[in-house]
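Owing to the predicted nature of the structure, the values given are computational and were not obtained by experimental measurement.
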Amino acid sequence: MAVRVRFAPSPTGFLHIGGVRTALFNWLFARHENGEVLLRIENTDHSREVEEAVEQIRRSLVWLGLDWDGEVAFQLDRLERHQELARGLVAEGNAYEDDGAIRFRMPDEGTTAWDDVVRGRIEFPNEKLEDLVLLRSDGRPTYNFASPADDMDDGITHVVRGEDHVSNTPKQIRILEALGAALPAYAHLPNVLGEDGRKLSKRHGAVSVEEFRAQGYLPEALMNYLALLGWSLDEKTTVIPPEELVRTFSLERVGASAATFDYAKLAWLNGVYLRSLAPEAYADRLVAYLRETGFEGDEETIRAAAPLVQEKVPKLGEFASFAGFLFARSEPDAEGLDGGRPVLAAARDALAGLEPFTAEAVEGALREAAERLGLKPRQAFAPIRLAVTGSKVSPGLFESIALLGRDETLARLELSAGSEPA
RNA sequence: GCCCCCAUCGACUAGCGGCCCAGGUCACGGCCCUUUCAAGGCCGUAGCGCGGGUUCGAAUCCCGCUGGGGGCACCA
């Protein structure tokens with residue numbers, strides 16, 4: 001039987017990084033098996049629905065590269081079907097009416113068990129299962145009824161979801177059995193915890209997919225990182241691009257213990273992907289990202305600066321703070337200039353008539369000037385960097401100067417050389 | 001309170017009885033390279049929660065404890 005899974009978020013807010021990890025595992029598993037992925041919005045609780053949430057979920061999945069088959073389904077659209085199924089259960093004596101609601105009759109002896117794909121056998125004593133509401137008194141189904149019912153109707157073969165659903169599983173199994181449905185395989189993924197060891201939530205900094213996107217993470221890096229949260233390929237492989245992930249993923253290698261989200265490792269991995277991009281591709285991505293975030297520097301300059309920052313920053317969002325000097329002047333910290341003013345004057349003289357004004361030529365001229373002043377490169381270039389880029393940290397000085405151009409460079413050198421000592 | 005799950009370096013993990021006085025990656029520390037910052041190279045610190053078993057032999061199996069997480073709605 002062909003594999004068919006579903007990702008079933010509730011539209012109560014943006015797509016959380018833990019939720020997208022669940023979506024990813026569903027997707028990787030299905031694509032690996034040449035199966036199908038369904039996207040189902042579980043909106044049986046209208047009151048908690050957040051406008052825009054569905055659009056945001058959709059956008060997040062698309063950005064990450066997680067596609068799905070068919071149309072997006074909304075649980076509430078199947079209201080009549082749910083009511084029909086509930087009536088059937090009542091007719092068969094598996095459910096009964098109670099205060100206007102329909103309740104399912106849970107067995108009160110024995111156990112309900114299943115072999116979880118990631119956790120092994122899990123058993124629940126039936127006496128702990130309470131008769132749960134299938135249909136509210138207003139006729140809307142509850143999650144624990146609608147979800148398994150839809151799984152049945154959709155022909156879901158594998159339910160891959162977060163471990164917080166473990167205790168719902170015996171209830172859903174009982175319902176499915178009463179409905180006469182074949183049971184899907186269940187795989188409960190470990191939770192994702194914040195760096196304080198608690199379950200990831202909104203108070204843990206960046207947790208929505210959109211925030212990661214805004215900070216300049218690459219979708220393939222985020223995907224790679226997320227896959228590593230609970231799954232591993234082998235004893236040594238860390239960098240695994242999307243296609244490789246699809247090729248090698250298996251539910252059997254998913255671990256059972258909760259994982260802590262580590263922003264530092266994600267940033268490192270993002271840097272790995274950024275650096276592995278061909279220069280052209282890197283520039284394309286950088287421009288697209290900057291435009292998306294409203295950065296207005298001219299494209300030609302951005303593209304020219306791209307190679308200077310590619311090796312330097314782990315997130316595209318750091319571009320502006322690192323290379324912003326190419327687009328606007330900023331006031332250098334006068335204190336840092338102290339003692340460096342003679343160097344600034346020498347640099348200005350060295351660059352004034354330099355031809356051609358290339359990085360190589362600039363380097364030669366500046367090194368020569370430093371030598372004449374009896375300064376080590378380190379000492380000589382610090383004030384120049386500060387004066388030209390406005391910062392103690394910057395891309396390569398010579399490339400930066402060549403890019404800035406002679407006029408602007410000289411202007412900045414003069415400005416700082418003539419400024420008052422602190 | 002009751003039920004379920006989990007437990008290897010600070011973090012993610014490999015390990016499915018001998019190959020492990022535990023391997024990889026991030027982070028951290030040192031050195032090298034170096035115009036800053038990165039990147040890169042080399043080296044290093046650091047872990048099987050505790051107690052019982054089983055076995056010739058346990059990180060690996062079993063039990064208990066402790067710790068952590070999740071769940072007990074006419075929420076999803």
*Among the candidates C74(B), G24(B), U36(B), find the nucleotide nearest to the side-chain atoms of D99(A).*
C74(B)
_Heavy atoms from C-beta onward define the side chain here; which of C75(B), C12(B), C3(B) lies closest to that of L228(A)?_
C12(B)
*Report yes if a donor N or O on one partner sits less than 3.5 Å from an acceptor N or O on the other, where the partners are the side chain of N168(A) and the base of A76(B); otherwise report no.*
yes
*Counting side-chain heavy atoms from CB outward, which of C75(B), U25(B), C6(B) is closest to R119(A)?*
C6(B)
*asked:* Is the phosphate of A14(B) approached by S232(A) (side-chain N or O, under 4.0 Å from OP1 or OP2)?
replied: yes
*Does S394(A) put a side-chain nitrogen or oxygen below 4.0 Å from OP1 or OP2 of U35(B)?*
no
*asked:* Has E123(A) got a side-chain atom pairing as donor or acceptor with T111(A)'s backbone, closer than 3.5 angstrom?
replied: no
_So, OP1 or OP2 of G40(B): does either fall under 4.0 Å of a side-chain N or O from R275(A)?_
yes
*Considering only side-chain heavy atoms of V393(A), which listed nucleotide, A76(B), U35(B), C37(B), is closest?*
C37(B)
_Given U25(B), A38(B), C26(B), the nucleotide with the shortest approach to the side chain of T238(A)_ = U25(B)
*From C74(B), C3(B), C6(B), pick the nucleotide closest to the side chain of A101(A)?*
C74(B)
_Here's one to test your reading of the geometry: is the NZ or CZ of R213(A) within 45 degrees of the ring axis of Y217(A) and under 6.0 Å from its centre?_
no
*Can you figure out which of U35(B), G70(B), U36(B) approaches the side chain of P377(A) most closely?*
U35(B)
_C1'-based separation of A39(B) from C26(B) [nearest Å]_ = 16 Å
*Who does C21(B) pair with, Watson-Crick or G-U, both distances under 3.5 Å?*
none
_Taking only the C1' atom of each, what is the distance from G44(B) to C63(B) in whole angstrom?_
40 Å
*From the options C12(B), A11(B), C37(B), select the nucleotide whose nearest atom is closest to the side chain of D262(A).*
A11(B)
*Can you check whether any acceptor in the base of U25(B) is under 3.5 Å from a donor in the side chain of K265(A), or vice versa?*
yes
_Identified pairing partner of C2(B), criterion: Watson-Crick or G-U wobble below 3.5 Å_ = G71(B)
*If only side-chain N and O atoms of R161(A) are considered, is one of them under 4.0 Å from the OP1 or OP2 phosphate oxygen of G70(B)?*
no
*Please step through side-chain contact (heavy atoms from CB on, under 4.5 Å) for the pair M223(A) and L226(A), ending with a clear verdict.*
CA-CA 5 Å; M223(A) 183 189 287; L226(A) 253 19; 5.8 Å; no
*In terms of side-chain heavy atoms, does T142(A) have a donor or acceptor partner in R136(A) at a distance below 3.5 Å?*
no
*Any chance the side chains of D150(A) and H82(A) put a donor and an acceptor closer than 3.5 Å?*
yes
*Measure the acute angle between the ring planes of F261(A) and F212(A), then classify it against the limits of 30° and 60° as parallel, tilted or perpendicular.*
tilted
*Go ahead and name the base partner of G29(B); Watson-Crick or wobble counts if both distances stay under 3.5 Å, otherwise write none.*
C43(B)
*Polar pair under 3.5 Å, donor/acceptor by atom type, side chain T142(A), base C74(B)*: no
*Would you say a side-chain N or O of R136(A) is under 4.0 Å from OP1 or OP2 of A76(B)?*
yes
_C1' gap between C20(B) and U60(B), integer Å_ = 11 Å
_Distance test, side-chain N/O of R378(A) to OP1/OP2 of U36(B), below 4.0 Å_ = yes
*Are R385(A) and S394(A) close enough that a side-chain donor and a side-chain acceptor fall under 3.5 Å?*
yes
*According to a strict under-4.0 Å criterion, is R140(A) in side-chain N/O contact with OP1 or OP2 of C74(B)?*
no
*Does a distance-only test, which skips hydrogens and angles, find a donor-acceptor pair under 3.5 Å between the side chain of K312(A) and the base of U36(B)?*
yes
*Determine the Euclidean distance between corresponding C1' atoms of C37(B) and U25(B); express it in Å to zero decimal places.*
23 Å
*OP1 or OP2 of C72(B) sitting under 4.0 Å from any side-chain N/O of S167(A)?*
no
*Mind checking the C1' distance from C65(B) to A73(B)? Whole angstroms is fine.*
34 Å
_C1' atoms of G47(B) and U55(B), separation to the nearest Å_ = 25 Å
*Verify the stacking flag for H165(A) against A76(B): centroid separation must be under 5.5 angstrom and the ring planes must differ by under 30 degrees.*
yes
*P atom, U13(B) versus A7(B): distance in rounded Å?*
11 Å
_I want to verify a distance call: between U35(B), A14(B), G71(B), whose nearest atom is closest to the F398(A) side chain?_
U35(B)
*Closest to the A264(A) side chain, choosing from C5(B), A27(B), U35(B)*: A27(B)
